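Down below is the structure, laid out as structure tokens.
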There are 2 protein chains.
Amino acid sequence: MDDKQLYLSSQVCFPLYSASRLITKAYKPYLDELGLTYPQYLVLMVLWENNGVSVNQITEKLGLNTNTLSPLLKRMEKMKLLQRSRSSEDERSVIIQLTESGKQLKLKARPIPEKLLTEILSDNIKIEDVLKLKDILNELIVVLSNKTESSRKI
Amino acid sequence: MDDKQLYLSSQVCFPLYSASRLITKAYKPYLDELGLTYPQYLVLMVLWENNGVSVNQITEKLGLNTNTLSPLLKRMEKMKLLQRSRSSEDERSVIIQLTESGKQLKLKARPIPEKLLTEILSDNIKIEDVLKLKDILNELIVVLSNKTESSRKI
DNA sequence: CACGTTAATATCGTGCACGATGCAAATATA
DNA sequence: TATATTTGCATCGTGCACGATATTAACGTG
């Protein structure tokens, strides 16, 4: 038995970690123009699709906890992108509403995904590869999030 | 023209970001036993393969900058996993040497990749999928790191 | 050999991630 | 209806990531 398994090159996890950081870096120039970080952009995507959701609903969509989102949303409120307010039905819930400028950003953000895709596509990466990548990653997410879910129940 | 592209579900980048965090979380119970974080584990993998390399060589292997690695290596030195010393040939370089306990950890870490793989494999994710995933990610990394390289030259 | 440039690290500031903990509102249970 | 439990969110502490900047050593050019 050798220990090839401990080589960086033979792991799946390192490429995943590395690619994720590189993608965020690739987004940066476009998001800089909007004055956003990548996680802030994710929050906006949730809100553009469904304005007026609770913090809890955002945590579920993004898989982030409130200890990450609370300060992030506070910063975004300070940036006048959104407003936080207690729900009247359930005083524990905080509802996140986009401001006008938060809504406006959607127009500026619209071309970003397309631009990123063209950066990625090349001789060695075709659109089928990107779609295949997405499929496998989504399966992986299902498996791994079920894992942490079931361990929570114990 | 619609804006489906701005839906979380249609992006590749979000699954990548999400899966990366979930994988790190999956590692956590095993790394906790060794008292390591995931980036620290990555540094050790580099050193197990090539002890006595410079900080610069580690940055290249992991794609991390010195502003991330310097404090990380300091913490690892404090944990008695490695030693930092100036190179005698080039006084600018800092050479990283594993301590005995740093070397010993390799034995404890050996079974981890296997364990993680079995956690991932399931009805919907076969070994071919994992290999395919790795291949596409590595191509993606090549494309994206060339990108940032060429933009540096400008 | 002086001196400008490059290269290898380090430091600083900011923004995530996330485990642990706290707190108040809602809900369940006795 | 008291009380225990759960739920939704916030706060705190630590460790990455990373842009910007500083520092010192090596190198190149006149």
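All values below come from the heavy atoms of this structure, side chains included, with hydrogens, waters and symmetry mates left out. Below, read A as the first sequence line, B as the second, and so on, with proteins coming before strands; counting in each chain starts at 1. Note that the structure is predicted; figures quoted are calculated from it, not measured.
One finds a salt bridge joining Glu77(B) and Arg84(B) here, because a Lys/Arg side-chain nitrogen approaches an Asp/Glu carboxylate oxygen to under 4.0 Å.
The side chain of Arg21(A) lies closest to dC18(D), out of dC18(D), dT11(D), dA10(D). Comparing atom distances between the Asn67(B) side chain and each of dA10(C), dG19(D), dT11(D) picks out dG19(D) as nearest. Candidate nucleotides dT11(D), dC16(D), dC12(C) were compared by shortest atom distance to the side chain of Arg75(B), and dC16(D) ranks first. Ranking dC9(D), dC16(D), dG19(D) by closeness to the Ser70(A) side chain, first place goes to dC9(D). Counting only heavy atoms from C-beta on, Arg92(B) has its side chain closest to dA26(D) among dA10(D), dA17(D), dA26(D). Which of dA10(D), dG8(D), dC16(D) sits closest to the side chain of Asn56(A) comes down to dG8(D).
In this model, a donor atom of one side chain and an acceptor atom of the other lie less than 3.5 Å apart for Tyr30(A) and Glu119(A).
Checked by distance alone, Asn65(A) brings no side-chain donor or acceptor within 3.5 Å of a matching partner on the base of dG19(C). If you check distances only, the side chain of Ser93(B) never reaches the base of dA8(C) with a donor-acceptor pair under 3.5 Å. Counting atom types as modelled, Asp90(A) pairs no side-chain N or O with a base atom of dG8(D) as donor and acceptor under 3.5 Å.
The side chain of Gln57(A) places no N or O atom within less than 4.0 Å of a non-bridging phosphate oxygen (OP1 or OP2) of dG8(D). Side-chain nitrogen and oxygen atoms of Tyr17(B) include at least one within less than 4.0 Å of the OP1 or OP2 phosphate oxygen of dA17(C). A close approach under 4.0 Å does occur between a side-chain nitrogen or oxygen of Thr37(A) and OP1 or OP2 of dC16(C).
Nucleotide dA10(D) holds its C1' atom 7 Å from the NZ atom of Lys74(A), rounded to whole Å. Computed from coordinates, the Leu31(B) CG to dC16(D) P distance equals 11 Å when rounded to whole Å. Put simply, CG on Leu64(A) is 17 Å from P on dG8(D), counting in whole angstrom units. Summarising the geometry, the separation between CD on Glu89(B) and P on dA26(D) is reported as 11 Å, rounded to the nearest angstrom. One interatomic measurement links the two molecules: OH of Tyr38(B) to C1' of dG19(C), which rounds to 20 Å at whole-angstrom precision. The CG atom of Asp32(B) sits 9 Å away from the P atom of dG19(C) (whole-angstrom rounding). Computed from coordinates, the Glu91(B) CD to dT23(D) P distance equals 19 Å when rounded to whole Å. Spacing between atom CD1 of Ile23(B) and atom P of dA17(C) amounts to 17 Å, rounded to whole angstrom units.
A donor-acceptor pair is defined here as one N or O able to donate and one able to accept, closer than 3.5 Å; such a pair exists between the side chain of Thr99(B) and the backbone of Leu81(B). The main-chain N or O of Lys80(B) is found under 3.5 Å from a side-chain atom of Ser101(B) such that the two form a donor-acceptor pair. Side chain of Asp129(A) to main chain of Ile136(B): no donor-acceptor pair is present (N/O by atom type, distance under 3.5 Å, no hydrogens or angles).
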Apply the test salt bridge (charged side-chain N to carboxylate O under 4.0 Å, His left out) to residues Lys103(A) and Glu100(A): give CA-CA distance (whole Å), side-chain angles for both, the deciding distance (0.1 Å), then the verdict.
CA-CA 5 Å; Lys103(A) 289 176 191 168; Glu100(A) 266 315 305; 3.6 Å; yes
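Nucleic acid contact class of Ser54(B) (heavy atoms, under 4.0 Å, all strands): sugar-phosphate only. Among the atoms of the strands shown, only primed sugar atoms or phosphate atoms (P, OP1, OP2) are found under 4.0 Å from some heavy atom of Leu72(B).
Toward the 5′ end of DNA chain C lies the nearest nucleotide of Thr66(A), the other residue of the pair Ser88(A) and Thr66(A) mapping further downstream.
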